[in-house]
Amino acid sequence: MPGSTNGSTSTKTMGVLTVGGLVAVTAYTVALGSNGWLWFGWVLLGLITLGMVATRSA
């Protein structure tokens, strides 16, 4: 299935971006203090990633 490889790649990319975003937001919080909008953005990115994983599994 050619489409499944592409979907898998984009899901892995979103996972990497989500983990990288968590590292970046955590580093920002440690260095400069908490910012609610950054955490909100990271949670939103995580939910989008989970949605992609769920639709890929279905």
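Because the structure is predicted, anything quoted here is derived from the model rather than measured.
Following chains of ILVMFWY side-chain contacts shorter than 4.5 Å, one cannot reach Leu22 starting from Leu44, and the two form parts of different hydrophobic clusters. Note on Val53: it does not cluster hydrophobically with Leu47, by side-chain heavy-atom contacts below 4.5 Å among ILVMFWY residues.
Atom OG1 of Thr18 is separated from atom CD1 of Ile48 by 8.5 Å, given to the nearest 0.5 angstrom. The distance from the CE atom of Met52 to the OG1 atom of Thr11 is 4.0 Å, given to the nearest 0.5 Å.
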Side chains of residues 29-41: which donor-acceptor pairs under 3.5 Å do they make with residues two or more places apart or in other chains?
{"from": "Thr29", "atom 1": "OG1", "to": "Val25", "atom 2": "O", "distance (Å)": "2.9"}
{"from": "Thr29", "atom 1": "OG1", "to": "Trp39", "atom 2": "NE1", "distance (Å)": "3.1"}
{"from": "Asn35", "atom 1": "OD1", "to": "Trp37", "atom 2": "N", "distance (Å)": "3.0"}

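Looking at heavy atoms from C-beta onward, Leu45 lies in side-chain contact with Met14 at the 4.5 angstrom threshold.
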